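Okay, so here's the structure we're looking at.
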Amino acid sequence: MVCEQYTTTSEGTHIDRPENQHVYKIGIYGWRKRCLYLFVLLLLIILLVNFALTIWILKVMWFSPTGMGHLRVMKDGLRLEGESEFLFPLYVKEIHSRVDSSLLLQSTQNVTVNARNSEEEVTGRLKVGPKMVEVQSQQFQINTRDGKPLFTVDEKEVVVGTDKLRVTGPEGALFEHSVETPLVSADPFQDLRLESPTRSLSMDAPKGVHVKAHAGTIEALSQMDIIFHSSDGTLALDAETVCLPKLVQGTGGPAVSSQRLYEICVCPDGKLYLSVAGTGTTCHENSHVCL
C-alpha cells in the first residue's frame, strides 16, 4: 500500500522536498512478458503451418481457376477426366462421354438409375445387378439413331419394329400362347418346323393360309388326325402328282385291275379307299371297306 504524507508550512519557509520514493511503471515485465512473447511465437508458427498446409492442399487437389483436379467447370456444364468414385447419389440432367471414348458405369454391387417426378416419386428405374438387368417403367423402348422404334414393351403388348426377327437358338422359339405374324420363314438351306409336342397345332387366317416350299418338300405329321377344313370354298390339291401310297383297296369287285387303274372313293365318314376303275364308277361295289 502506498502512503502519502502532507506537510503544512507558512510563507517564507523553505522545505527541501525529498525525491520521489515511489515510481509507477506501466507495461508487462518479467515472466508475463516472456509468456506473451511465447504465445505470439506459437500463433506465428501455427499461422505458418496452416498456410503451408493450405498451399499443399491446393497443390494436391489441383485447384485452378477453372476447377479442381480432373473436374473442370465449363460453360455448358462440368467435365470430368479419368475415373471417379461417388460415395453418395449423383443428381444430374445429362451424362455423356467424350467423342473418342466410351462411358463406363461400374459398381461392386449394382448400378441403379432412377427418374423422379416433382413429388420425388420414382417414375422409372434401371437396375443392373450381378445376375439380372431390371427395368421398372410404364413402357420400355429401344430406338435407332433416327428415332425408329426397334423394340417396345408395355403392359399390353410387345412390339418388334425390325423388318426381320431372327431366332438363332438351336431349339427355336417357344410360345406359350398364340402368335400373330404375317410370315414365318427359315434361313436359306434350313428346314422350317412348326411343332406342338403335346397339343394341337392350329393355323388360322381370314383370307387363307399359304404354305410354300420353293426348293423342298412339305411334311405334316400327327399322332392323331390331320384336318383340312374350309368353311366357304374348296380344298384344292394342285400338283402334277398326288400320291396316297397307303390307301386301302375296297372289296367286293375284281381284286386287281388289268390296266392297274383305280379311282379314289370316299366313305360317309370321310375315309378314302381305292376302287378298281371301270367304264363307270365302282365305288359302290367296293364300299365294303366303309363298314
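All values derive from a computational prediction rather than experimental measurement. Just so you know, residue 1 is the first one in the sequence shown, and it goes up from there.
Residues Leu150 and Val160 fail the side-chain proximity criterion, which asks for heavy atoms closer than 4.5 Å. Looking at Asp154 and Gln138, their side chains never come closer than 4.5 Å, going by heavy atoms from C-beta outward. Here the side chains of Trp31 and Arg34 are in contact, with some heavy-atom distance below 4.5 Å. The shortest side-chain heavy-atom distance between Lys127 and Val133 does not fall under the 4.5 Å cut-off.
Between the side chain of Thr144 and the backbone N or O of Lys148, at least one donor-acceptor pair lies under 3.5 Å. Side-chain N or O atoms of Ser97 include one that pairs as donor or acceptor with a backbone N or O of Ser101 at under 3.5 Å. In this structure, the side chain of Ser137 does not engage the main chain of Phe140 through any donor-acceptor pair within 3.5 Å.
No side-chain N or O of Gln139 forms a donor-acceptor pair with one of Thr152 less than 3.5 Å apart. When only modelled atom types and interatomic distance are considered, Ser275 and Thr282 share a side-chain donor-acceptor pair under 3.5 Å.
To the nearest 0.5 Å, the span separating SG on Cys265 from CG on Leu247 amounts to 10.5 Å. Here CZ of Phe151 is found 10.0 Å from OG1 of Thr162. Values are rounded to the nearest 0.5 Å. Atoms SG and NZ, from Cys290 and Lys271 in turn, are 7.5 Å apart once rounded to the nearest 0.5 Å. Atom CG of Leu221 is separated from atom CD of Glu195 by 9.5 Å, given to the nearest 0.5 angstrom. Atom CG of Leu126 and atom CG of Leu105 lie 9.5 Å apart (nearest 0.5 Å). In this structure, OH in Tyr91 is found 8.5 Å from CG in Asn114, a value given to the nearest 0.5 Å.
Note on Phe86: it clusters hydrophobically with Val73, by side-chain heavy-atom contacts below 4.5 Å among ILVMFWY residues. No continuous path of hydrophobic side-chain contacts links Ile264 to Val242 [ILVMFWY only; heavy atoms under 4.5 Å]. Cluster membership for Val153 and Val159, using ILVMFWY side-chain heavy atoms within less than 4.5 angstrom, is not shared. Val92 and Leu103 fall within the same hydrophobic cluster, defined by Ile, Leu, Val, Met, Phe, Trp and Tyr side-chain heavy atoms under 4.5 Å apart, directly or through other members.
Atom CG of Asp269 has more than 12 heavy atoms from other residues, nucleotides or ligands within 6.0 Å. Within a 6.0 Å radius of CD in Gln109, other residues, nucleotides and ligands contribute 12 heavy atoms or fewer. Counting heavy-atom neighbours within 6.0 Å of Asp163 CG, excluding the residue itself, gives a total of 12 or less. Annotation for Asp191: atom CG does not count as buried by contact number, only 12 or fewer foreign heavy atoms lying within 6.0 Å.
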Exercise for the section: Mind running side chain to side chain contact (heavy atoms under 4.5 Å, CB included) on Gln249 and Val276 for me, showing each step along the way? Expected result: CA-CA 8 Å; Gln249 183 176 349; Val276 178; 3.8 Å; yes

Handout entry: Stepwise side chain to side chain contact (heavy atoms under 4.5 Å, CB included) check, Leu274 with Val248
Key = CA-CA 6 Å; Leu274 296 177; Val248 298; over 6 Å; no

Handout entry: Steps toward side chain to side chain contact (heavy atoms under 4.5 Å, CB included) verdict (Arg125, Thr112)
Key = CA-CA 7 Å; Arg125 173 176 297 171; Thr112 303; 4.0 Å; yes

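Taking every heavy atom of both residues into account, Asn117 and Glu121 meet most closely at OD1-N, 2.8 Å. Taking every heavy atom of both residues into account, Tyr273 and Cys283 meet most closely at OH-O, 2.9 Å. Closest of all the heavy-atom pairs between Gln141 and Pro149 is NE2-CB, 3.4 Å.
With a 4.5 Å cut-off between side-chain heavy atoms of Ile, Leu, Val, Met, Phe, Trp and Tyr, the cluster of Ile218 takes in Val184, Leu192, Leu194, Leu201, Met203, Val209, Val211. Chaining together hydrophobic side chains whose heavy atoms lie under 4.5 Å apart places Ile55 alongside Phe51.
Scored by the side-chain contact (heavy atoms from CB on, under 4.5 Å) test, Leu41 finds Ile45 as partners (sequence neighbours excluded).
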